[in-house]
Amino acid sequence: MVEHIPRKTGVIMISTVLLMIIISAGCIGFDQQKSNNISEPVQCQIAASSEKIVTINETHSNSKVCAKPGSTITIQLKENSRTGYQWQMTASPGLEIVDEGVRWFDENDLPTTIVGIKAVHEWKISTKEPGIQTIKAILRRPERVTGSESVFNLNVVVE
């Protein structure tokens, strides 16, 4: 036997369920949003400003750079592009890679054969948005991913 729920009670129950769905829908993903706001003091190993261009290399991997919006950071990473190994860099949206095409040979590390000539890949990165920004570069051949590539990471605190 099926019980009959009064119409008014049914409408209230459906309204309550719909209200709960609407309220919870606004909260979905709230925990997953990553805030890049700076809420506590951050210790940086390197400081950049709009007056001072900072140059970073492999030895600074996993470091923190503090910078003001509009600052420029130069990153120079050694690669052997003749054998296909090149750095591929990405930056978070609060940073802009303004110049990434510069490669030059390292005169201090010239081998006797042309195959082993090491180059330096240089990027100029401009800070745009406040917050904790990230730069990641992977040294690999474009057609090959092995999982054991060299990785360069840099956190840029723009404040």
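Computed from a prediction, not measured in an experiment: that's the story for all the values here. In this chain, residues are counted from 1 in sequence order.
At distances below 3.5 Å, not a single donor-acceptor pair connects side-chain atoms of S71 with backbone N or O atoms of T127. Using a distance-only test at 3.5 Å, with no hydrogens or angles considered, a donor-acceptor pair links the side chain of W87 to the main chain of K78.
Annotation: side-chain hydrogen bond (donor to acceptor under 3.5 Å, both in side chains) contacts of S92 (sequence neighbours excluded): Q133. Applying the side chain to side chain contact (heavy atoms under 4.5 Å, CB included) criterion to A91, with sequence neighbours excluded, gives L95, I97, I135. With sequence neighbours left out, Q86 forms a side chain to side chain contact (heavy atoms under 4.5 Å, CB included) with E79, S81, R103. Considering only residues two or more places apart in sequence or on other chains, S61 meets the side chain to side chain contact (heavy atoms under 4.5 Å, CB included) condition with F152. Every residue two or more places apart in sequence or in another chain that forms a side chain to side chain contact (heavy atoms under 4.5 Å, CB included) with S63 is listed here: Q45, H60, L154. Scored by the side-chain hydrogen bond (donor to acceptor under 3.5 Å, both in side chains) test, E58 finds no partners at all (sequence neighbours excluded).
Expressed to the nearest 0.5 Å, how far CG of N153 lies from OG1 of T134 amounts to 8.0 Å. Rounded to the nearest 0.5 angstrom, E122 CD and I56 CD1 are separated by 12.0 Å. Interatomic distance, NZ of K124 versus CD of Q76, reported as 7.5 Å (0.5 Å rounding). Annotation: the span from Y85 atom OH to N80 atom CG amounts to 9.5 Å, rounded to 0.5 Å. Remark: I132 CD1 to N155 CG distance equals 7.0 Å, nearest 0.5 Å.
At a threshold of 4.5 Å between non-hydrogen side-chain atoms, the residues I138 and K136 count as touching. With a 4.5 Å cut-off on side-chain heavy atoms, P93 and E129 do not count as touching.
For residues 85-98, the pairs satisfying salt bridge (Lys or Arg N to Asp or Glu O under 4.0 Å) are E96-K128, with sequence neighbours left out.
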